[in-house]
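Small disclaimer: the values here were computed from a predicted structure and weren't measured. Atom set for the values below is all heavy atoms of this structure, side chains included, hydrogens, waters and symmetry mates excluded. Chain letters run A, B, ... following the sequence lines, proteins first, then strands; residues in each count from 1.
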Protein chains: 2
Amino acid sequence: MAKKDVPSKVTIVEVAEKAGVSLGTVSRVMNNDIHVAPDTRERVAAVMREMGYVANRQARGLKGSRTNVIGVLAPDLGTGYIGEILHGIDTELGLHQFDLMLFTTHRTAIKEANYVANLVKGMVDGLLLILPRNPADYTGILTNANFPFVLIDHQGTGSLCPAVGATNWQGAYNATEYLIKLGHKRIGFITGSMDLGAAIDRLDGYKSALQVHHIPEDPQLIYEGTFFQPDGYAGGSALLDLDDPPTAIFASNDVMAMGAMDAIRGRGLRIPEDVSILGFDDIPQSAMVRPALTTVRQPLEHMGRLATQMLIDQLKNPEKGIDRVELPTQLIVRDSTLSPKDRAG
Amino acid sequence: MAKKDVPSKVTIVEVAEKAGVSLGTVSRVMNNDIHVAPDTRERVAAVMREMGYVANRQARGLKGSRTNVIGVLAPDLGTGYIGEILHGIDTELGLHQFDLMLFTTHRTAIKEANYVANLVKGMVDGLLLILPRNPADYTGILTNANFPFVLIDHQGTGSLCPAVGATNWQGAYNATEYLIKLGHKRIGFITGSMDLGAAIDRLDGYKSALQVHHIPEDPQLIYEGTFFQPDGYAGGSALLDLDDPPTAIFASNDVMAMGAMDAIRGRGLRIPEDVSILGFDDIPQSAMVRPALTTVRQPLEHMGRLATQMLIDQLKNPEKGIDRVELPTQLIVRDSTLSPKDRAG
DNA sequence: CTGTTAGCGCATTCAG
DNA sequence: CTGAATGCGCTAACAG
């Protein structure tokens, strides 16, 4: 095998030599600096193309300037939920010629917010935080360091920082109201991890709808879960075992709703004739399960895209005020919900 | 709030000063160089911890040494399929203190293999290629540059390079044979993108099983798809419209199987009583659709983990021979398949 | 408009 | 065992 070196060996100096200019000029051409004569620019560009020159990002980053890489911090990749958001991010990033660096926080080392701050120094131009567990840990440092970032799906805490989320409260309110209008009076609720703002908002929306419609809140009807499927099963089971079981169950996300569906069926009950079930998120498989799940759609991909846009905006206009956006959720009625009066007595 | 500067401002020089040594020594401590007196090492380490020092990867990478970042090239993030593999990669990477840099090839710029080679120069220590469209484009350059990489799910081409895949041929063979033993004689097949090795292998497995069991191959029963759901619907429809329609349909992946299920139901036919349906991959929702999908499980996450291990191995032992691994697939029988004789005449 | 120069933070010789 | 010096590839002043 011929001992050939990495083709990437082409450096700015070689381009400069071959084009008969100084390396400074080449740099200017690369960065679209206006102070270059058109024909010089042309010539240099040609040489760059010819030699297959690609800038070394390390060196560029070292100087403290733009890396054109955006960092994404995500809890993990296990659920399709994160995947949808990532997809949106990636799509938008592609439009702007940015690359993506993904860090998953389930690794112990990265758990320390300080580590993150250091890590990203120079590596990425900005940070997208998906569902951070303790957002305050990061936001403090990041804000302090004046480092651009946007929170995704976590507008819970009070501190003011750029974030995009969904109208969790409104979505849960609407869904609960829909159930009430269907005639349900005993509506079970399975919460998400209560340390997440979204979970709190959804529970609040549920409670508010109940209250507005003068249905007393029954603590027995609220089961605390953590957004994972087994909690849905456990929650569904617990709710169904009540002396006066609910006629409908509203789970704080789709995977828990599916867990609850298993619990319902496991007891020989029918969906939706005996028990209605409603989820949150509208992940792809919700449309595919039988019966198809009625749920509250969260525009995950859109959230990813928007957050990315906001971040890139920040990068371009560092002085612009920060904004927090809430994208609307939408009730998607499918086959898992029905009026309780339709039940065979 | 105290006006604190970026914590990341801590550099090797400052650690050196505070520890009363030269920056060279600090560097040695960081890199576990043996030539450091135990107590010196201790002292320096303490200062590093105290100051929250974290090495700047850019600078380190610039020098041509390890970056502890692995690059992943994936076609896109749209399907859960890639997500599963990524999850495996990420998990394994976490175990070895590597970070992950993700590039998606649906972006035009990155399509050029040369660009990739240049790009990764110094940025990542190795590359994981998921389902590359034209693997030869990359493997040539990468091999030539002596750059460590592993192909995932693409062992199709002849060139010898490290790869992990699944036994696509065997999986398709077994599944087809299972259908035949159930009594099916007319088995429709929906292919994947035929430019992918996996798709070819699956089709071949199907054909071989037919041949072994002396069932004539009927070109009409083979519909060419591209691994996306709409193809499943179109393929299912086309197959069902045949004068002598199949009693079972085997789709080259689960999402196409689900598309086909829609087509079947759209014609008022029942699954599996009227038509059996079988998929490939065993993505999460396959267990959740009704009827639950019989499918060939591909150990996606495991493939991701294994490929990562192989890559890290390469990094540690550059001289080791390359190996290609095929992980076994497994037939998962669920509710979407039945003997044709059970059909109501 | 273009060339020159000084670092960015670190790994690595090379001397002690 | 440790310190000093050199340069990785590039950007950003600063001069012309």
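Note: CG (B:N31) to P (C:dT13) measures 12 Å, nearest angstrom. The distance between atom CZ of A:R60 and atom P of C:dG7, rounded to the nearest whole Å, is 22 Å. Taking atom CZ of residue A:R28 and atom P of nucleotide D:dT11, one finds them 11 Å apart after rounding to whole Å. Rounding to whole angstrom units, CG of residue B:D33 and P of C:dT12 are separated by 9 Å. Put simply, CG on B:L23 is 16 Å from P on C:dG7, counting in whole angstrom units. The CE atom of A:M30 sits 6 Å away from the P atom of D:dC10 (whole-angstrom rounding).
Proximity note for A:I12 (side chain, C-beta onward) versus D:dT11, C:dA11, C:dG9: the nearest is D:dT11. Candidate nucleotides C:dG9, D:dT2, D:dG9 were compared by shortest atom distance to the side chain of B:A59, and C:dG9 ranks first. Nearest to the side-chain atoms of A:N56 among the listed nucleotides D:dC10, D:dT11, C:dA11 stands D:dC10. In the set D:dT11, C:dG3, D:dC10, D:dC10 carries the atom at the smallest distance from any side-chain atom of A:T11. Here C:dG3 is the nucleotide among D:dG3, C:dG3, C:dA11 with the atom lying nearest to any side-chain atom of A:T25.
Contact check for B:V21 versus B:T40: side-chain heavy atoms found under the 4.5 Å cut-off. Side-chain atoms of A:I70 and A:D99, non-hydrogen and from C-beta on, never get closer than 4.5 Å to each other. Annotation: side chain of A:V325 is not in contact with side chain of A:M303 (no heavy-atom distance under 4.5 Å).
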Walk me through it: do B:F227 and B:L196 pass the test side chain to side chain contact (heavy atoms under 4.5 Å, CB included)?
-> CA-CA 10 Å; B:F227 280 135; B:L196 254 25; 3.9 Å; yes
Derivation of the side chain to side chain contact (heavy atoms under 4.5 Å, CB included) call for B:V72 and B:I130 = CA-CA 7 Å; B:V72 176; B:I130 303 180; 3.9 Å; yes
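Residues from residues 34-46 of chain A with heavy atoms under 4.0 angstrom of DNA chain D: there are none.
Residue contacts shown for B:V21 are limited to sugar-phosphate atoms, with no base heavy atom under 4.0 Å away.
Judged by distance alone, with hydrogens and angles left aside, the side-chain atoms of B:R43 form a donor-acceptor pair with the main-chain N or O of B:A19 at under 3.5 Å.
Remark: A:S27 is not in phosphate contact with D:dA12, judged by side-chain N or O atoms under 4.0 Å from OP1 or OP2.
Counted within 6.0 Å of CD on B:E42, heavy atoms from surrounding residues, nucleotides or ligands total 12 or fewer; the atom is thus considered open.
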